[in-house]
Amino acid sequence: MGRGKLRIYLGAAPGVGKTYAMLSEAHRRAERGTDVVVGLVEHHRRPRTEALLRGLEVVPRRTCAYRGGSFTEMDVDAVLERAPAVVLVDELAHTNVPGSRHDKRWQDVEELLAAGIDVVSTVNIQHLASLGDVVESITGVRQRETVPDEVVRRADQIELVDMAPQALRRRMAHGNIYQPEKLDAALAHYFRPGNLTALRELALLWTADRVDEHLRRYRGEHRIRATWPARERIVVGLTGGPEGSTLIRRAARLAEKGAGGEVLAVHIAASEGLRAASPRELARQRALVEEVGGTFHHVIGDDVPTALLEFARGADATQVVLGASRRRSWQYLLGPGVSATVARDSGPDLDVHIVTHDAVARGRGLPAARGARLGRARVVWGWGVGLGGPLLLGGVLPDVGLANDMLLFLTATVAAALLGGMLPALASAAVGSVLLNYFFTPPLREPAVADPRNVVALVIFVGVAVSVASVVDLAARRTHQAARLRAESEILSFLAGSVLRGEDSLDALLARLRETFAMDAAALLERGGDGAPWSRVAAAGAEPPGRPEDAAVDIPVGDDLALVLSGRALPAEDRRVLSAFAAQAAVALDRQRLVGQADQARRLAESERFRTALLAAVSHDLRTPLTGIKASVTSLRSAEVEWSPEDRTALLEGIEDGADRLDALIGNLLDMSRLTTGTVVPLLRETGLDEVVPRALAGVPEGSVVLDVPESLPLVTVDRGLLERVVANLVENAVKYSPGDRPVLISAGALRDRVELRVVDRGPGVPDASKEQIFEPFQRLGDAPRGAGVGLGLAVARGFTEAIRATLTAEDTPGGGLTMVLGLPRADAGEGSGKRA
């Protein structure tokens, strides 16, 4: 049985109609005779969505117990046993109740797909992992539940469910999305028109990118070279000259005229003719490209116009922006130039814009900067002058004396050497010596030489010609080497700059390598040892090689790493630069793994810190109830005292109260232990502070606390048990230090993105330098006696606070004392944002 197909309905925000569209699709498939069942659908008490569930078979959910509560999740085993053709699974980014087979619902979906069952699901754009920071900057709300982008990108079909922000707000106002008590808060915060417009744009652009990715794959599979102008992509050709900034800004303006326009700036470094390019100017232009939202690309090509057009067609570009030539008038005799050649060869699928600028016709810099190996045109001219020059001189030159004749023939040979190098010069010298001997050396028109001195003159003529040709050829080779080294230095400079800029992404490095050398694919392979199979660590391009022997180019990096490329064969001189890329790839891999190890070490250190806090909590928080229980039991067992029934009842109540406190504390400590070892995650759900805070005050002396927590506060997304423990520790600490006649004040208020709970005492306060120190285990201030200090309560509170993704800070109380500020994330809106049914 093959793998099932995944169809996803993607929305910009809750309420746009994803679940409704999914259920409508299910009814259409059922009418066609498809076996469709509902694995899990959240209708959120929306009447129209709930009505669509009627008529569909619903697989019963699995009931899960957690922290004394009962929750339901999709029963994966029941769906697998039922084995339908299609199953509906709502809210792909949902986090399962701890103890489930998988942590995330998308992992449940992967198991169903692997079993050959087609899945239809839903997800909002804000739940994509890569967009978390962007969504938070727009809405002020951090999404706790995310799904990896790759899971969504692998879907066989993605359908965007779109709705205008004004229409969505009207739906909310009519009560079609949230209950009335949540309506005002949602409209005033998450569902503001600006937020919805930005989220809608994110969803549209993300969907367009995926469509574009499919289009590129299709074009590659079918070897389609012609440009399909489905989207405006503008390629800017940069030479590193002063006109670059003008071209980039012009391209950016062109891109703004079309929806979704892209700017791709490319610098072609040709191995046989580098143009004068200032690295500093290129760096400035790269920064400008990134500033206007484009991308910068560095490509090596043997022929600049051809490489530029190949890059443009490979990127499916629709327009090319080039600067008017900086060459002077006489330089056009050497050829039409890059701009004219690109315009001539672009064909009907590419529009070429030639932009004027201040540096037009002002020259292109020193000829030496242009130099490389002698080009084809120069070689042709060299052969033409080397062969045609002597023939022309032999036919029309009058006899002006042998010395003058030889100088004229030598001039033609030198010209051939300057233009074409060694071979045309040798041919010119050979032809010239024969013609000199035949036409100008007595006896005329005979191959013999009468005067021996003329033989010496002919030999000197050939020697001078060969010498000049050798010098010219050597200069050409040196120029080529300098040009090649310059191209390599630019690439190595880019690699060094990427390190300094912190661009250590291995995938990005391989993509740049593939692009630079115009290869089909690049990959970094690794094996466990000699004879072990190779595995891909990272890759870029379509169908990257899986083994070094399958690659067109193989660069070993040590014994167990290899950089491989597929496509054309590269010359040996490119391997030096490839070796630099390979070394950088190995460094990037090591850095990537070191970062992972550092993150693991950080988590271990955090776990160790929590473990230390837990051990300290056992001796701190358990001591009081144990002491009370032991004292009560010892008193009851004493035969020396006759206890009255009232006293006996009081002692038993003390034992029961202490046992209850121990039971609750040990439960929380065990949960915390599981949390720090990574075996469980906090159960984040919408909670009202007015439900949790009163329960946290159960052990506080009567009259020692004043509670001001309005019922109208927005809900917060927290773990109720952990929050209760945090509040209990904070209040216990505050009561300990606050004077008996000044009760502790607990107040709460709502801010834009959080709800703050403040525990205010009127005790001695804490110096600013010690406000962080008090959250460390067993910290006591000054000369406080043992047992009267801060102890561990605040350390445990800080640990629990971080576990529920909240913040805990200490501030001075106006008029004296200490205020603990607990910042909790609001849960005003967000379908599936930590909510549990």
Side-chain angles (χ1 to χ4, degrees), residues 613 616-617 620-621 623-624 661 665 668 689-713 716 718 722-804 806-825:
H620 176 270
D621 289 356
R623 182 175 300 165
T624 300
R661 291 179 61 187
L665 177 59
N668 281 337
L689 287 181
D690 57 314
E691 301 175 8
V692 177
V693 175
R695 291 203 303 266
L697 307 180
V700 176
E702 187 175 354
S704 61
V705 173
V706 175
L707 189 59
D708 181 18
V709 180
E711 294 183 0
S712 59
L713 281 175
V716 294
V718 295
L722 296 183
L723 177 60
E724 180 181 339
R725 183 65 182 149
V726 170
V727 176
N729 279 4
L730 295 179
V731 173
E732 178 186 355
N733 182 76
V735 169
K736 182 187 300 182
Y737 283 94
S738 195
D741 58 343
R742 305 291 298 275
V744 172
L745 172 63
I746 303 177
S747 63
L751 299 178
R752 184 179 69 88
D753 59 345
R754 66 187 185 279
V755 173
E756 283 191 352
L757 182 71
R758 307 175 76 88
V759 180
V760 184
D761 69 56
R762 294 293 179 178
V766 176
D768 290 341
S770 302
K771 282 188 170 63
E772 281 300 312
Q773 185 181 1
I774 62 176
F775 293 108
E776 298 178 6
F778 288 105
Q779 292 297 317
R780 296 178 175 82
L781 300 180
D783 57 354
R786 184 173 183 83
V790 175
L792 183 72
L794 294 182
V796 173
R798 172 64 73 85
F800 284 140
T801 300
E802 293 174 350
I804 61 175
T807 59
L808 178 60
T809 56
E811 298 178 356
D812 292 327
T813 301
L818 187 67
T819 298
M820 292 292 179
V821 182
L822 181 62
L824 304 167

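Only one option out of Val700, Leu697, Val759 pairs with Val735 in a side chain to side chain contact (heavy atoms under 4.5 Å, CB included); it is Val700.
Contact record, Gly823 with Ala806: O-CB, 3.1 Å, taken as the closest heavy-atom pair. The two atoms that bring Ala797 and Asn729 nearest to each other are N-ND2, 3.9 Å, heavy atoms only.
Residue pairs meeting the salt bridge (charged side-chain N to carboxylate O under 4.0 Å, His left out) criterion with at least one member in residues 698-709, sequence neighbours excluded, do not occur. Applying the side chain to side chain donor-acceptor pair (under 3.5 Å) definition to pairs two or more places apart or across chains, those involving residues 806-816 are Arg758-Glu811, Lys771-Asp812, Thr813-Thr819.
The side chain to side chain donor-acceptor pair (under 3.5 Å) search around Asp690 returns none, not counting sequence neighbours. Listed by chain and residue number, Glu756 satisfy the salt bridge (Lys or Arg N to Asp or Glu O under 4.0 Å) test with Arg754 (two or more places apart in sequence, or in another chain). Not counting sequence neighbours, the partners of Arg695 by the salt bridge (Lys or Arg N to Asp or Glu O under 4.0 Å) test are Glu724.
Residues Leu689 and Val727 have side chains not in contact (no heavy-atom distance under 4.5 Å, counting atoms from C-beta outward). Counting only heavy atoms from C-beta outward, the side chains of Val731 and Val693 never approach each other to under 4.5 Å.
Judged by the 6.0 Å distance and 45° axis criteria, Arg798 is positioned over the aromatic ring of Phe775.
Met820 CE to Ile774 CD1: the interatomic distance, rounded to the nearest 0.5 Å, is 3.5 Å.
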Which side-chain N or O atoms in residues 741-750 pair as donor and acceptor under 3.5 Å with protein atoms at least two apart or in another chain?
none

Applying side chain to side chain contact (heavy atoms under 4.5 Å, CB included), run through Val718 and Val692 and close with a yes or a no. CA-CA 10 Å; Val718 295; Val692 177; 5.8 Å; no
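A distance-only check finds no donor-acceptor pair linking the side chain of Asp761 to the backbone of Gly817 [under 3.5 Å].
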